[in-house]
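Values reported hereafter were calculated over all heavy atoms of this structure, with side chains retained and with hydrogens, waters and symmetry mates removed.
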Number of protein chains: 2
Amino acid sequence: MESRCENCIVRQFNSLRAMSKEELKKVSDSKVTKTIKKGEPLFQEGEKLNGVFCVRNGVSKLSKLSANGKDQIVKLASKGEVIGQRSVIAEESTNLSAVAVNDMEVCFIPKESINHTLQKNPNFTLEVLRHMAHDLKEADDVIVNISQKTVKQRIAEAFLYLKNNFGEDKDGFLALTLSREDISNVVGTATESAIRIISEFKKKGYLHTSGKKIAIKDERKLKEIVEGF
Amino acid sequence: MESRCENCIVRQFNSLRAMSKEELKKVSDSKVTKTIKKGEPLFQEGEKLNGVFCVRNGVSKLSKLSANGKDQIVKLASKGEVIGQRSVIAEESTNLSAVAVNDMEVCFIPKESINHTLQKNPNFTLEVLRHMAHDLKEADDVIVNISQKTVKQRIAEAFLYLKNNFGEDKDGFLALTLSREDISNVVGTATESAIRIISEFKKKGYLHTSGKKIAIKDERKLKEIVEGF
DNA sequence: AAATATACCTGATAAAAGTCATATTTTTAG
DNA sequence: CTAAAAATATGACTTTTATCAGGTATATTT
């Protein structure tokens, strides 16, 4: 519980690794470790954030509510990722909500502990910038995918993404289990449409399910679908 | 032609304002001013960029080619905006193509002139970071819009966007004239669908056209459409 | 000014995706 | 363990959007 950032493995994956010892000590002293249960929010769209969240365990969905009441999931953040940076940096309220997809352990880092480093340590700022540049590229890709691919293609792609980014358990099921509704919100479609296509994939033998858990049985075929046959 | 960055008004709008006098002098000495004619590319998706482009005049469309051969326009960059930053910062080839929508005047700034400042002047880096944070937020909004709104809503929104960001000429026509194909590529739809909806808007008296030029006649109504009646 | 190309427009049709209604299964809570 | 709730599933139908095919108008070039 009271572990130090200096020893946190998770730090290897994010911009905190560009901090000096003293800077990191300050972060470590001010951080608060929190446990968030599946389904609970880290924060809601429109809130002002007083800091960022560093994910130690679990996965959070970052989503935005549309006018018609549907959530669009924009990103799934897992171990090592820092959530809320954009809002803290731009000094704006968040444009996204963050909700735990499974039980999470996160460290809350007050923005004061970061702002100083952001203004004084260009290595750190540059590192944060690189991460954001990466996020922006991914967002561009999502835009193109959503507007140019069919729902079937996007769903096939979503499963490949889940496998590549979160892996599989010992039985071959996707390690990250999303509800059909979450899948439809990632893909940007109606829940019924997502369910229908998943059923079709099952019938055709590309997927296999057990309760909520889903396993990819024919990865090659899913890839072909993504490419458009 | 040989004007100095120090005196360039455009600089007020972008991150270059956070540079020191000496840094700015270096940029000014190494920059190359270029004229790009309507339809000509600044760079193509996949290219390695040796620097960034600062827009002095005109508008560039930033787009990404999808598997089915259609372009998706991700951003329209105009006076004061810096193009290519993402790629230079991440040290990757560009994920987007940039093509002039009308005649442009841009300054090419070699990456060497920027990288040093990026590593040494945290104010500058932070300023770039803030701009990128803003771009990322906009990208998130585009994702939600494309996935949750109908083509009709998105087209109505596109015209409001064009008015707000590029203004109108003395006759009330949108100052930035886009082809129907470009409009469809902004909105993420088939060209015929865009044309059809524009025709409908004309018939209903929301828009008025003269050649390629388009004027908004009933802004309130367009706003209502965006909101979903 | 004629010839060519390009952009714009429209109708007919097909395909894709959304909506509504209603089962059925799975999960959760008592 | 059982009842209730939530999630998943599927059918029937509607709406939205894409595609194809053929026009007309508008630029551009010669």
**Q** Could you tell me how far apart A:Ile197 (CD1) and C:dA16 (P) are, to the nearest whole angstrom?
**A**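 Distance check: A:Ile197 CD1 to C:dA16 P gives 10 Å.
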**Q** What is the distance, to the nearest angstrom, from the CD atom on A:Gln153 to the C1' atom on D:dA18?
**A**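 Between C1' of D:dA18 and CD of A:Gln153: 14 Å.
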**Q** Using atom CG of B:Asn185 as one end and atom P of C:dA7 as the other, report the distance to the nearest whole Å.
**A**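 Result: 12 Å.
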**Q** Consider the side chain of B:Thr150, meaning its heavy atoms from C-beta on, and name the nucleotide among D:dT8, D:dT16, D:dT19 that approaches it most closely.
**A**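 Nearest listed nucleotide: D:dT16.
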**Q** Respond yes when some side-chain nitrogen or oxygen of B:Lys212 is under 4.0 Å from OP1 or OP2 of C:dC8, and no when none is.
**A**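 Yes, B:Lys212 has a side-chain N/O under 4.0 Å of OP1/OP2 on C:dC8.
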**Q** Is B:Thr191 near enough to C:dC8 that one of its side-chain N or O atoms lies under 4.0 angstrom from OP1 or OP2?
**A**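 Answer is no, no contact under 4.0 Å.
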**Q** Do you see a donor-acceptor pair shorter than 3.5 Å between the side chains of B:Glu81 and B:Asn14?
**A**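 Side chains of B:Glu81 and B:Asn14: no pair found under 3.5 Å.
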**Q** Within 45° of the ring axis of A:Tyr206 and under 6.0 Å from its six-membered ring centre, is that where the NZ or CZ of A:Lys217 lies?
**A**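 No; the conditions do not both hold, so A:Lys217 does not lie above the ring face of A:Tyr206.
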**Q** Measure from the side-chain heavy atoms of B:Ser193 and tell me the nearest of C:dG18, D:dA18, D:dT10.
**A**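 In terms of side-chain proximity for B:Ser193, the closest of C:dG18, D:dA18, D:dT10 is D:dA18.
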**Q** On DNA chain C, does the nearest nucleotide to A:Gly188 precede the nearest nucleotide to A:Gly211 from the 5' side, or the other way round? Give the residue.
**A**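 The residue closer to the strand's 5' end, by nearest nucleotide, is A:Gly188.
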**Q** Just the rounded figure in Å: distance from C1' of D:dT16 to CD of B:Gln148.
**A**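 Value for this atom pair: 15 Å.
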**Q** Output the rounded distance in Å from CD1 (A:Ile195) to P (C:dT25).
**A**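 Answer to the nearest Å: 15 Å.
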**Q** Quick check: are there more than 12 heavy atoms from other residues, nucleotides or ligands sitting under 6.0 Å from NZ of B:Lys70?
**A**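 It does: B:Lys70 NZ has more than 12 such atoms within range.
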**Q** Counting only side-chain nitrogens and oxygens, does B:Thr189 get under 4.0 Å of the OP1 or OP2 atom of D:dT17?
**A**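 False: B:Thr189 side-chain N/O out of range (4.0 Å or more) of D:dT17 OP1/OP2.
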**Q** Return yes if a side-chain donor-acceptor contact under 3.5 Å exists between A:Glu181 and A:Thr191, otherwise no.
**A**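 Their side chains do not contain a donor-acceptor pair, so the 3.5 Å distance test is not met.
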**Q** Any side-chain N or O of B:Lys70 under 4.0 Å from OP1/OP2 of D:dA18?
**A**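 For D:dA18, neither OP1 nor OP2 has a side-chain N or O of B:Lys70 closer than 4.0 Å.
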**Q** Can you measure B:Ile214 atom CD1 to C:dC8 atom P for me and round it to whole angstrom units?
**A**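 Going from CD1 in B:Ile214 over to P in C:dC8 covers 9 Å.
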**Q** Taking atom C1' of C:dC8 as reference, at what distance in whole Å does atom CD1 of B:Ile155 sit?
**A**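 Distance check: B:Ile155 CD1 to C:dC8 C1' gives 14 Å.
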**Q** I need the CZ-P distance between B:Phe201 and C:dT10, as an integer number of Å.
**A**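 About 14 Å, once rounded to whole Å.
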**Q** Hey, does A:Lys213 reach any base, or is it just sugar-phosphate, or nothing, if we go heavy atoms under 4.0 Å?
**A**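 The residue A:Lys213 makes no contact with any strand.
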**Q** Report the residue (A:Leu178 or A:Ser147) whose heavy-atom-nearest nucleotide on DNA chain D is the more 5′ of the two.
**A**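 Here A:Leu178 is the residue nearer the 5' end.
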**Q** Hey, is A:Asp182 close enough to A:Lys61 for a salt bridge, meaning N to O under 4.0 Å?
**A**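 Salt bridge flag = yes for A:Lys61 with A:Asp182.
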**Q** With distance as the sole criterion, do the side chain of A:Arg196 and the base of D:dG11 form a donor-acceptor contact below 3.5 Å?
**A**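 Indeed there is one.
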